[in-house]
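Every chain is numbered from 1, with letters handed out A, B, ... down the list of sequences.
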Amino acid sequence: MIFKGRAWVLLRQGRLIDDIDTDMIFHNKYLAITEIAEMGQYTFDNLEGYKDFAKKAQPGDIVITGQNFGSGSSRQHAVDCFVALKTSCLAAQSFGAIYKRNAINSGFPILTITDIDLNAVKTGDRVEMDSDAGTIKKDGKLIGKLEPLSTVQKDILKAGNVFEYAKTL
Amino acid sequence: MSKTLVEKILAAHANEDVTAGKIVWIGIDVRSARDFGGANVVKTFRKFYPGGRVEDPKKTFFTFDCNAPANTIPYANNQQICRNFAIEQQVKVYDVDAGIGSHVMIEEGIGYPGSTVVGTDSHLNIMGAVGAFGQGMGDQDIAFVFKTGKTWFEIPGSIVVNIRGDLPKTCSAKDLTLFITGKLGTKTALGKAIEFRGPAIDKLDLAGRITLASMATEMGAIIGLIVPSKEVLKHFGQKKAITPDKDAVYEKTIDLDISNLKPQIAKPPKPDAVVDVESLNGRPIHSVFIGSCTNGTYEDLVSVAKIMKGRHVKPGIVATLVPATMKVWKRLLKEGHISTLIESGFIVSNPGCGGCASGQIGMTGEGQVHISTSNRNFAGKQGAGDTYLASPETAAASAILGRIATLQEVE
Ligand code: SF4
């Protein structure tokens, strides 16, 4: 699968931010919200340096971030807020275990970065992520690598979500 | 490629190669939901698969143990939602009389060595006690498994916890378990499968294995696996145990020596705040609970009955005891242990999670010091008081003396 879009490179002191937890992604004060469409506006509004993310995000954007993204609570909102913003995919160096389950089950593409040249990409650049080839490119030039998607993730992405996938069996 | 124990069990249930870190589809032998979460599983199932059938009714179960029998209307409603669904789908219900779901599964041989078991119980990894893979999950995940008979897992990396030395006579499996929990903390094994090894582990009976495996959750592990002994295999009518390959790759091996172990106790509010019972000796207590999926087996409770014979709970101390299952209850009754316990001042309740979950058989009040044989002492879990975690023997001795004490003090 190929994901193309405008990059958000979440940096702090020149490094990808690690340990962004579910309260930074979607704060618990908004947990009463059940409509996915209403969730987008609160995305990252508790993440230092990126509180205006939701206002500036555009459909098709790609978020690039560090290790242990989505650690913390099991709230599905922290995945659904990106669905609401029509974010193309999330690429992190690693994900929290429950976050990974929630994202995969809801058919939201998450990619694992194994290597990236942070000098070659900045927020606003157009990037291309190819999950089959395992490449991250800018202007056709290789700037990073991805872990290939698992068969599980491919099956669920193709069907839409884990429940739709069950119907195909 | 050589495989760890968890990789071997899961590989036998997958159609593709299984190695740590990979996400793969896994066939599930036992799919269950308890009264906690069960109604949500039913609702999710009905929402996404209107008119749908569970994939295999014979492999699907409900176990009511959290609030048994229901003492709140919401729990009663939820249990009834599950019962109605079970009738419609021809699924077996272990109802409010049966006891703790995971223990019933082991007792009845529903979950067996080498099998895969999922359910809405966060302590289902207790199945590691019999060399099976068990995992607690959310209601959406379980609804999917009900429908398809499979789910996906990221295969966990494995660590070995190697126990050196023999367990001293003054210590039980719970002391060993608390000791390991204290040493590992909640980070060392986070997200990993543990393989417990060593002569002291080999010698543990099924009850002791259940105690150890039940606290893998508190160690932060995905599961704590023990290779089944002959006794365990016999219980399930199996001949040969699944063992890890000799040259399998482990992320870490942790050696712990227990030759000089003393009875252990976990201080509130953390299961890994473990110290020698001796160090708290004499601290006055107000109540004692013996039971739970960690220490509610026949062996645990007989040990308590033997201590209590001819002795009495100190006046003013509230002492409660809850057998894990109805089978355990009946056996204790038949052998006269129930009357010993009642005569000694214990309140004995019907089987289940009472004493650990949802306030069945009482809660603690502010300032109340409580000794429990269960697995969690988080603030608020058993009420407003302070819960210490200990072995059934330490709990019984403390009930007799009205203060934190080891068994040696009453003997
Ligand atoms: S006894 Fe407690 S920890 Fe064990 S299954 Fe029941 S509620 Fe969970």
Side-chain angles (χ1 to χ4, degrees), chain A residues 19 21-22 31 34 36 67-80 83 92-114 131 134 146-169, chain B residues 10 14-28 31 37 40-41 43-56 118 120 122 135-157 187 189-193 220-223:
Chain A
D19 303 313
D21 69 31
T22 49
L31 284 186
T34 54
I36 292 183
Q67 292 177 36
N68 200 23
F69 184 83
S71 58
S73 85
S74 62
R75 74 193 64 160
Q76 187 73 35
H77 306 67
V79 173
D80 289 344
V83 174
Q93 287 168 316
S94 65
F95 294 89
I98 305 175
Y99 194 87
K100 197 183 262 184
R101 265 207 106 75
N102 289 344
I104 291 179
N105 281 343
S106 61
F108 184 74
I110 54 168
L111 307 171
T112 306
I113 300 169
T114 52
S131 61
L146 298 166
E147 238 171 50
L149 289 185
S150 62
T151 50
V152 171
Q153 239 181 320
K154 281 192 211 161
D155 287 345
I156 296 175
L157 279 174
K158 222 184 287 159
N161 62 43
V162 78
F163 297 108
E164 290 301 323
Y165 173 72
K167 293 179 191 162
T168 67
L169 296 176
Chain B
L10 294 177
N15 287 326
E16 53 189 312
D17 186 43
V18 162
T19 46
K22 249 183 108 175
I23 295 176
V24 292
W25 289 114
I26 301 293
I28 301 298
R31 309 108 195 220
N40 289 335
V41 172
K43 279 184 200 153
T44 306
F45 189 95
R46 290 218 166 104
K47 176 173 157 205
F48 288 103
Y49 315 115
R53 310 292 303 174
V54 299
E55 195 264 345
D56 188 341
V118 301
T120 56
S122 65
Q135 206 57 206
M137 304 182 110
D139 57 88
Q140 298 217 335
D141 273 327
I142 297 298
F144 176 82
V145 184
F146 271 26
K147 183 72 180 79
T148 65
K150 66 178 185 178
T151 189
W152 59 271
F153 286 113
E154 180 168 357
I155 309 300
K187 296 245 160 58
L190 190 64
K192 308 288 173 217
I222 295 284
I223 191 159

Identify which of A:Leu149, A:Thr151, A:Ile98 forms the greatest number of heavy-atom pairs closer than 4.5 Å to chain B.
A:Thr151

So if I take each residue of residues 45-54 of chain B and look for any heavy atom under 4.5 Å from a heavy atom in chain A, which residues do I end up with?
B:Phe48, B:Tyr49

Count the heavy-atom pairs under 4.5 Å between each of B:Val24, B:Thr148, B:Asp141 and chain A, then report the option with the highest count.
B:Asp141

Compare every heavy atom of B:Phe144 with every heavy atom of A:Val162, then report the nearest pair and how far apart it is.
O-CE1, 3.1 Å

What are the two closest heavy atoms between A:Tyr99 and A:Gly70, and how far apart are they?
CB-O, 3.4 Å

If you count heavy atoms of other groups shown closer than 6.0 angstrom to CG of B:Asp56, is the number above 12?
yes

Contact part of A:Ala166 toward chain B, heavy-atom cut-off under 4.5 Å: side chain, backbone, both or neither?
both

Can you name the closest pair of heavy atoms from A:Ala78 and A:Thr22 and give their distance?
CB-CG2, 4.0 Å

If you count heavy-atom pairs under 4.5 Å between each of B:Lys22, B:Lys147, B:Glu16 and chain A, which one has the most?
B:Glu16

Find out whether B:Gln140 and A:Asn105 are in side-chain contact, i.e. whether some heavy atom of one side chain is under 4.5 Å from a heavy atom of the other.
no

Counting heavy-atom pairs closer than 4.5 Å to chain B, which one of A:Glu164, A:Gln76, A:Arg101, A:Glu147 comes out on top?
A:Arg101

With ring centroids as reference points, do A:Tyr165 and B:Trp152 lie under 6.0 angstrom apart?
no

In the structure I gave you, are the side-chain heavy atoms of A:Leu146 and A:Thr112 within less than 4.5 Å of one another anywhere?
no

Quick one: does B:Pro156's side chain get under 4.5 Å of B:Lys192's, heavy atoms only?
no

